[in-house]
Every structure is written in structure tokens, then in C-alpha cells.
Number of protein chains: 2
Amino acid sequence: MKNYIHILKRTKLFAGVGDDEISAMLSCLGARLYNYKKGEYVLRQGEHLSDIIVLVEGNLHIQKDDYWGNRSILGQVAVGEMFGEAYVAPESGALLNDVVATENSTVIFFDVRKIITTCSSGCRFHYLIVQNMFFAISDKNRKLVQKLGHMSKRTTREKLISYLSEESKKQNSSSFTIPFNRQQLADFLSVDRSAMSNELCKMRDEGLIAFDKNYFRLF
Amino acid sequence: MKNYIHILKRTKLFAGVGDDEISAMLSCLGARLYNYKKGEYVLRQGEHLSDIIVLVEGNLHIQKDDYWGNRSILGQVAVGEMFGEAYVAPESGALLNDVVATENSTVIFFDVRKIITTCSSGCRFHYLIVQNMFFAISDKNRKLVQKLGHMSKRTTREKLISYLSEESKKQNSSSFTIPFNRQQLADFLSVDRSAMSNELCKMRDEGLIAFDKNYFRLF
DNA sequence: ACATTACGGTTGTATTTACAACAGAAAGAA
DNA sequence: TTCTTTCTGTTGTAAATACAACCGTAATGT
């Protein structure tokens with residue numbers, strides 16, 4: 001486990017905690033290390049979870065099969081990222097997704113209850129972990145709500161207007177750059193790229209916006 | 001503030017904490033009570049927030065204006081519900097929404113930092129607040145991800161398949177009831193009611209599903 | 001019993017989208 | 001340079017959606 005402290009150190013969860021402190025806290029946080037071969041399941045649909053998990057080596061896919069067996073990949077987990085934090089509440093019920101190793105992978109499980117209830121012994125930085133975890137999940141929450149706000153619009157144009165307005169607010173200016181290229185933006189908003197490109201040009205021709213690559217300006 | 005302890009007691013935040021303990025913890029949590037007249041702003045777009053807020057009387061709307069001034073109401077806050085938890089991380093930036101009182105309202109602000117860093121003095125149940133808050137936001141997170149999973153599907157049929165599959169998994173049966181009527185389900189999935197109704201009937205005619213009111217069965 | 005309202009299903013049309021295919025520009029590699 | 005790849009815009013068509021309007025039924029209240 002000690003081999004991975006340099007990875008943990010760079011995660012959101014352990015931000016601001018030194019090597020020695022992480023090392024000292026591992027047992028206090030109920031840390032357990034597991035290895036998975038390519039293709040093996042880290043978590044299965046139907047299981048119950050009370051841990052937050054950090055990927056320290058390899059790569060994972062979060063995927064879901066619907067009732068009729070159609071599989072869709074919801075996302076991927078990169079080294080240093082955590083997952084499982086949305087299922088730790090007692091009322092959250094069974095997992096609805098599978099998590100599968102797409103390469104040989106190594107993860108560390110942390111017992112949520114041990115994270116939340118700060119111990120009295122030794123863990124000088126335990127409060128930081130609680131804070132980091134809370135801020136991380138709070139931040140994720142905010143981003144999800146924002147994205148949902150765009151996606152709940154019916155037409156591509158409305159989605160674009162919602163997204164661009166928000167980006168303008170965030171950057172506090174009517175001109176700004178976005179962190180996506182066209183394909184990525186289309187994926188983010190769940191629309192077809194060419195249709196979106198078409199709509200962007202219409203909006204430009206109507207004098208609503210101007211753009212060049214990922215630079216945008218609202219009028 | 002003491003007048004509202006019976007309200008706080010029934011919130012997710014203070015679940016499991018007794019009247020006396022809540023009363024004792026208020027100052028420790030940096031609680032501040034504010035009143036707003038109908039139409040006044042509780043929070044404004046552009047402000048920074050480091051508090052979690054509980055509505056103890058009245059009603060609030062969370063709303064957003066886009067760059068061109070089109071207003072949309074994103075949700076409403078009922079008595080006993082908390083809000084603001086998505087904006088408390090230092091990196092979350094300025095608020096992108098307004099929160100407006102639709103009736104004369106009373107809210108209590110709690111300092112997030114005081115919630116997270118459990119104090120040593122007197123607050124026997126402080127750890128419970130941290131846990132409650134964490135589970136609440138984690139739960140919200142899970143629901144958002146699920147909803148986003150449905151909404152990211154392109155067609156009404158795919159959205160329905162995604163939603164019904166998940167409901168089937170949750171209730172662990174191929175037949176189940178859903179907590180929505182048609183209009184509510186359409187709103188939840190952000191589609192047109194009549195188009196959705198049409199699609200449901202097509203799916204029924206194709207032998208994929210059967211339903212009666214809010215009872216569904218998958219084949 | 002009657003009127004009213006809420007809900008679910010159906011249909012037609014105009015609008016919008018997805019999808020595929022293609023072309024030009026820009027960036028990068030050989 | 002030249003070739004290749006990536007990115008973006010454009011167009012046409014088939015498919016899906018939104019919207020409005022209408023009907024029948026069930027539930028509710030007077």
C-alpha cells in the first residue's frame with residue numbers, strides 16, 4: 001500500500017496531507033488494497049457499498065446494462081480519481097452500475113464511516129480528509145446540476161444558449177473560451193455534432209453570437 | 001431561532017439529533033436567522049457562498065436568467081429543505097442562480113466550515129450532522145447521475161427504456177409502480193407528454209412492455 | 001345527479017433532429 | 001514540401017419530436 005502513497009497524495013481526497021500523514025492514516029481509514037485483472041469486475045450491479053474507492057493503477061469503466069441487455073458505458077475512471085461516493089448513504093440502495101477493469105488495475109477501498117467519524121488518535125489531518133471529500137462531492141454536485149440544466153432544454157439551440165450563457169457568467173465576460181472542441185461539446189450536451197455545428201452557424205448568422213474555434217462572443 | 005427547532009429537527013441535516021442538542025449546537029454551527037419579504041432575494045447570482053441554508057418558513061424559487069434575459073425556474077425549496085450545499089467548495093466560484101422568496105420567508109444560514117470541523121466543546125452530536133450532511137449530498141449526487149443517465153439518451157424511447165430499466169433494477173422486479181403520472185414522468189425526462197404517451201403505446205404494441213396507470217411490466 | 005377537473009391516449013402538422021456523406025482548412029508528421 | 005489526420009462547416013434525407021387540438025374515462029366536489 002505504501003507504494004501508492006505518491007498517487008494518493010495527488011488525489012482530491014488527500015490534497016494537503018503529507019506522505020507521512022497519509023501513511024499513518026491508512027489503517028485508521030480502513031484502507032484495503034485490491035488487484036483486478038483486465039476484464040474483472042471491481043463492483044457489480046446489485047451489491048451494496050459503504051466505501052469510497054480510489055484507483056491507483058490501471059483503468060476502469062463504469063457501465064450499465066438495461067433490462068433488455070443493451071450495454072452503455074457511462075464513464076471511465078482514471079488513476080487518482082475516486083468513485084463510489086454516491087452510494088455510501090444507507091438509503092442509497094444497491095448499485096445500479098458495474099465497474100470493470102479495462103486493464104490490470106489496483107484500487108484502494110476506504111471505509112466511509114471511518115472517514116466521517118474523525119478519530120482521536122494520531123490523525124492530525126483527518127479533518128482535512130473530511131473537508132476534501134465534502135468539497136469534492138459538493139463540487140461534483142454543482143457540475144451535475146449545471147449540466148442537467150442544459151440537458152433539460154428541448155432543442156439544440158436552447159441547450160447551446162443555456163451552456164454559453166453559463167460559461168459567460170462563470171468567466172464574467174461576454175467573450176470567453178470554452179474547454180471543448182465541437183465534438184466534445186456535442187457529447188457534453190448529448191446532441192449530434194453536425195446538427196449542433198449547423199445550429200451554431202445559424203445563431204451566428206442571426207447575430208446572436210460570434211465564434212472562432214473555441215472562442216465565443218455573445219451579443 | 002429557538003422557535004424553529006421543531007422544523008430543524010425534521011430536516012435531513014439534523015436527523016437523529018434531539019431538541020436540546022440542536023439548541024445547544026446553533027451557536028457552535030454559526031447559525032444566523034434572516035427574514036425575507038415576498039419578492040426579495042435570498043441569494044444573488046455572482047455572490048460567493050460558504051453557508052448551507054435551511055428554509056424554516058415560507059417558500060423559495062431557484063431561478064436563472066440567461067445572457068439574453070430569458071428566465072427559467074430551476075426548482076423550488078420547501079420548508080425543511082436545505083440548499084447552497086453545491087456551492088460551498090472554495091473552487092466552486094460565484095453563484096450562477098438567484099434564490100428568491102415567493103412568500104415571506106425565514107431561513108437559517110449555517111457556516112459550512114463550522115459544520116465540517118467538529119468542535120471539541122459540548123457538541124456531542126456534531127459528528128451526526130457531518131454524517132447527515134454527507135449522506136444527503138451523496139444521495140442527491142446519485143440521483144442526479146441517474147437522471148443524467150436517462151436524459152443523455154437521444155430519443156424518447158431510449159429515455160423511457162433507460163428509466164424503466166433502472167426502476168426495474170431498483171425494485172428488483174420486472175413489474176413495478178413508478179412515482180409519477182404521465183405528465184410528471186414527461187417533465188422528469190424532459191420530453192413532451194403526448195409524444196411520450198405515444199411512444200409508450202408503441203412499445204406496448206410491440207410487446208416490450210405492459211402498463212396500467214403507474215404500474216409497469218417489462219418483457 | 002350533475003358539473004368540473006385531472007389524466008391518459010390519439011392524431012396531424014410543422015419543426016427539429018439524427019445520420020451519413022462530403023469538402024475545405026488547419027495542424028502535425030514524415 | 002507532401003502526406004496524413006483532425007477539426008469544422010455544409011447539405012440532403014429520413015426519422016423523431018414538439019405542439020396543439022380533441023376525445024373518453026375516472027375521480028372529485030357540490
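In what follows, chains carry the letters A, B, and so on, assigned in the order in which the sequence lines appear, proteins first and then strands, with residues in each chain numbered from 1.
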[atom1] of [X] versus [atom2] of [N]: gap in Å, rounded?
X        : N      : atom1 : atom2 : answer
B:Lys153 : D:dA16 : NZ    : C1'   : 17 Å
A:Arg204 : D:dG9  : CZ    : C1'   : 8 Å
A:Arg157 : C:dT15 : CZ    : C1'   : 13 Å
B:Tyr215 : C:dG8  : OH    : P     : 17 Å
B:Asp187 : D:dA18 : CG    : P     : 12 Å
B:Phe211 : C:dC7  : CZ    : C1'   : 13 Å
B:Asp212 : C:dC7  : CG    : P     : 16 Å
A:Leu189 : C:dA18 : CG    : C1'   : 15 Å

Review point. For the rings on B:Phe134 and A:Phe134, is their centre-to-centre separation under 6.0 Å?
Key: no

Practice item. Indicate, with yes or no, if the rings of A:Phe219 and B:Tyr67 have centres closer together than 6.0 Å. Key: no

Check your understanding: Between B:Arg71 and B:Asp65, is the closest basic N to carboxylate O distance under 4.0 Å?
Key -> yes

Please classify the nucleic acid contact of [X] as base, sugar-phosphate, or nothing, using heavy-atom distances under 4.0 Å.
X        : answer
A:Phe180 : nothing
A:Asn181 : sugar-phosphate
A:Ser197 : base
A:Arg193 : base

Point to revise | Nearest-neighbour nucleotide for the A:Glu199 side chain, D:dG9, C:dT17, D:dT17 considered | key: C:dT17

Check your understanding: At their closest point, which heavy atom of B:Ala31 faces which heavy atom of B:Ile108, and how far apart are they?
Key -> CB-CG2, 3.9 Å

Point to revise | Closest approach of A:Leu55 to A:Glu57 (non-hydrogen atoms, all atoms of both residues) | key: CD1-O, 3.2 Å

Check your understanding: Quick one: the side chain of B:Ser194 and the base of D:dA20, do they pair up donor-acceptor inside 3.5 Å?
Key -> yes

Check your understanding: 5'-most contact on DNA chain D: A:Asn198 or A:Lys213, nearest heavy atom basis?
Key -> A:Lys213

Review point. Between A:Arg154 and A:Asn214, who's closer to the 5' end of DNA chain D by nearest nucleotide?
Key: A:Asn214

Exercise for review: Ignoring backbone atoms, establish whether B:Thr156 has a side-chain N or O less than 4.0 Å from OP1 or OP2 of D:dT17.
Suggested key: yes

Point to revise | Presence of B:Arg182 side-chain N/O under 4.0 Å of C:dG9 phosphate oxygens OP1/OP2 | key: yes

